[in-house]
Amino acid sequence: MAKFDSKSFNPQAFGMYVERIPQVKKNELIKSMALKRNSEIKNAFSSQSGTGYAILPMYGLLEGDVLNYDGNTDITASSTATYERGVVVVGRAKAWIESDFSEDITGSAGFMDNVARQVAEYFDEVDQNTLLSMLEGIYNMTGVNDEEFVEKHTYDISAEGTGLIDQTTLNKAVQKAGGDNKSNFSIAVMHSAVATELENINLLNYLKYNDANGIQRDLTIGSWNGRTVIVDDSMPVDENENYTTYILGRGAFDYENIGVKVPYEMSRNPQIKGGQDTLYARQRKCFAPYGISYLKKNQATLSPTDEELKDGENWELVNDGEGNTINHRAIPIARIISKA
């Protein structure tokens, strides 16, 4: 393993080391099947040197009324619509300092392992915050067609009766959002308070496995009405203690790690406090919700902040530029708002 100082530090080795350190924090949204790789995004940012924003085409479905084939009726043609989808690269960076003296007084307590483990967890949490900021921004959209999406893809029961989820909540939520496409919703990401309520009414079933001794045990992955349940306490809770549960489909977000020139590097200053090493970390990633376009209307720099991602003015449903938008039922993103 590379030494942890500026002369012998190997950024490639460190990067691989970070990736194989076991994760202990949840950040389950990042690890879920809701993220899908997209080669078009990768190619767009690889071929456009230095860009942080791209417009990608989305091809529409076949439409038009079928014609009567009777020997008299002319066969007329129609064309498919082409929609445009804006995607943005989110760049994040951080640095950490450690003094030689802290190593000396702890007897060389394994600084490399400690930093590697924390770097991996740190950026998992950063990525999850990015996704949650995007989801908040999507639900802050205000365009005419966008408001229909927000209304149809929100099932708010917080003011109904006890405000608690029950046996019908999930099925009603996905039907409202997807209609006959409700089977596209396959993942529920929820706060532990919501999961506990599901357990209390026997709606949350944990998958089983047999350990080395043949004893059946519960996995930490649950199932709710056939949907995979991910429990993560970073899910939103407002001041009225209303909990937001996101219901997502496979591939609800396209994702690509765009990369940076130098992901990790070290700098050493032997003068300060008897000697210090500073680790610098950088990343550029693209998360793009399916069927929703990032507009970059209110973005001050080449990378959006979390607050800018939360801005509804920066988002709209994918459209063809002539007022025709993607059918909202095709977007596998929905939310349930409840007391628990």
Side-chain angles (χ1 to χ4, degrees), residues 25-35 128-129 131-141 147-208 217-253 289-290 292 310 328-340:
K25 285 190 177 180
K26 286 290 187 177
N27 298 323
E28 296 290 0
L29 183 55
I30 287 295
K31 305 169 190 174
S32 74
M33 294 173 290
L35 300 184
Q128 177 143 310
N129 288 339
L131 277 179
L132 290 174
S133 296
M134 287 183 166
L135 286 167
E136 184 173 338
I138 289 168
Y139 279 100
N140 285 333
M141 295 189 299
E147 286 184 339
E148 180 185 16
F149 166 85
V150 172
E151 193 278 324
K152 294 290 186 181
H153 289 246
T154 299
Y155 189 58
D156 188 349
I157 61 171
S158 60
E160 297 179 8
T162 63
L164 302 176
I165 52 177
D166 61 23
Q167 291 84 348
T168 65
T169 301
L170 178 60
N171 205 33
K172 287 181 177 179
V174 295
Q175 190 283 326
K176 182 182 180 184
D180 55 9
N181 288 322
K182 68 178 184 178
S183 61
N184 291 344
F185 294 85
S186 56
I187 304 162
V189 192
M190 64 184 63
H191 193 280
S192 62
V194 179
T196 299
E197 180 61 27
L198 286 175
E199 292 171 346
N200 290 341
I201 57 177
N202 297 317
L203 289 180
L204 182 57
N205 300 309
Y206 288 102
L207 304 183
K208 310 287 185 180
R217 301 184 184 279
D218 287 341
L219 288 170
T220 57
I221 300 174
S223 175
W224 179 22
N225 286 11
R227 274 77 175 182
T228 300
V229 170
I230 295 171
V231 181
D232 194 318
D233 279 352
S234 66
M235 293 303 106
V237 185
D238 67 19
E239 64 276 6
N240 297 315
E241 296 189 355
N242 294 324
Y243 295 86
T244 295
T245 297
Y246 287 113
I247 316 298
L248 306 173
R250 294 173 182 260
F253 282 82
Y290 179 82
I292 300 174
K310 295 175 184 178
H328 73 85
R329 291 185 172 183
I331 301 173
I333 298 173
R335 65 177 178 176
I336 297 169
I337 301 174
S338 64
K339 287 295 183 185

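Please read these numbers as outputs of a predicted model, since none were measured by experiment. Just so you know, residue 1 is the first one in the sequence shown, and it goes up from there.
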Decide yes or no on side-chain contact (heavy atoms from CB on, under 4.5 Å) for I337 and I157, but give the supporting numbers first. CA-CA 6 Å; I337 301 174; I157 61 171; over 6 Å; no
Side chains of [X] and [Y]: donor-acceptor distance under 3.5 Å anywhere?
X: N205; Y: S223; answer: no
X: T154; Y: R335; answer: yes
X: D180; Y: Q175; answer: no
X: K339; Y: N240; answer: no

One pair to check against side-chain contact (heavy atoms from CB on, under 4.5 Å): F185 and Y246. What are the steps and the verdict? CA-CA 10 Å; F185 294 85; Y246 287 113; over 6 Å; no
In Å and rounded to the nearest 0.5 Å, what is the [atom1] to [atom2] distance from [X] to [Y]?
X: E136; Y: N129; atom1: CD; atom2: CG; value: 11.0 Å
X: S338; Y: I336; atom1: OG; atom2: CD1; value: 7.0 Å
X: N171; Y: Y155; atom1: CG; atom2: OH; value: 10.0 Å
X: M190; Y: L204; atom1: CE; atom2: CG; value: 6.5 Å
X: Q167; Y: L203; atom1: CD; atom2: CG; value: 5.0 Å
X: L198; Y: S192; atom1: CG; atom2: OG; value: 11.5 Å

Checking N202 now: which residues fulfil side chain to side chain donor-acceptor pair (under 3.5 Å) with it, not counting sequence neighbours?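 Here no residue qualifies.
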How close do [X] and [Y] get, counting heavy atoms only, and between which atoms?
X: A177; Y: A334; answer: CB-CB, 3.9 Å
X: K176; Y: K152; answer: CG-O, 3.2 Å
X: R227; Y: I187; answer: CG-N, 4.2 Å
X: S234; Y: L132; answer: O-CD1, 3.5 Å
X: V194; Y: I165; answer: CG1-CD1, 3.6 Å
X: P332; Y: Y290; answer: CD-CD2, 4.0 Å

V189, L248, L35 screened by side chain to side chain contact (heavy atoms under 4.5 Å, CB included) with L131, the one that passes: L35
Are side-chain heavy atoms of M235 and Y243 found at a separation under 4.5 Å? no
Evaluate the side-chain proximity of T196 to H191: yes if any heavy-atom separation is below 4.5 Å, no if none is. no
Within the side chain of [X], is there an N or O that forms a donor-acceptor pair under 3.5 Å with the backbone of [Y]?
X: D238; Y: E241; result: yes
X: T169; Y: D166; result: yes
X: N242; Y: S158; result: no

Mind checking whether H153 and H328 have parallel, tilted or perpendicular rings, split at 30° and 60°? perpendicular
With a 4.0 Å cut-off, would you call E148 and R329 a salt bridge?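 Judged by the 4.0 Å cut-off on N to carboxylate O distance, E148 and R329 do not form a salt bridge.
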